[in-house]
Amino acid sequence: MSREDSHEEAFGGTRRDMQRAIRRFGVLETVVLGLAMILAMVGGAVLAGLLSRAGLPFRTTWVVCSVLLFAVPAVLQLRMAGEGTSTGSTSIKPSEHDDGR
């Protein structure tokens with residue numbers, strides 16, 4: 001048995017677990033995105049209902065408010081993630097004494 005074969009056997013289960021975790025994270029991300037869209041639509045409807053009493057058309061106001069409630073936080077989050085200032089991001093740096101083991 002070569003060293004490469006033993007390496008593949010040792011980490012094959014870990015690789016499968018990581019692939020499964022990545023798939024589950026993708027599903028979770030899709031669910032969260034869907035819930036955010038639904039929440040933006042409901043929030044847009046509430047705002048449109050309030051603003052329609054001031055004489056604005058309900059449907060147009062609903063569309064604009066929903067897009068704003070969904071797009072503005074998304075753009076802000078993408079901008080923060082691009083700058084590396086997202087509160088949820090952490091960077092793990094290898095130690096200076098890491099010899100690869």
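Quantities reported herein were computed from a predicted structural model and do not represent experimental measurements.
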Exercise for the section: For Cys65 and Gly44, work out which heavy atoms get closest and say how close. Expected result: CB-CA, 3.8 Å
Handout entry: salt bridge (Lys or Arg N to Asp or Glu O under 4.0 Å) contacts touching residues 19-32 (sequence neighbours left out)
Key = Asp17-Arg20
Handout entry: Minimum-distance pair of heavy atoms, taken over all atoms of Ala40 and Ser66
Key = O-OG, 3.4 Å
Handout entry: Pairwise side-chain contact, Ser52 with Leu56, heavy-atom cut-off 4.5 Å (strictly under)
Key = no
Practice task
Please answer: with hydrophobic residues joined when any side-chain heavy atoms are less than 4.5 Å apart, are Ile22 and Val31 in the same cluster?
Solution key: no
Handout entry: Atom pair OG1 (Thr60) and CG (Leu51), whose distance is rounded to the nearest 0.5 Å
Key = 12.0 Å
Practice task
Output the distance between atom CG (Leu69) and atom CH2 (Trp62), rounded to the nearest 0.5 Å.
Solution key: 12.5 Å
Exercise for the section: Establish whether Leu33 and Leu39 are linked, either directly or via other cluster members, by ILVMFWY side-chain heavy-atom contacts under 4.5 Å. Expected result: no
Practice task
Hey, could you give me the CZ/CE distance between Phe70 and Met41, rounded to the nearest 0.5 Å?
Solution key: 11.0 Å
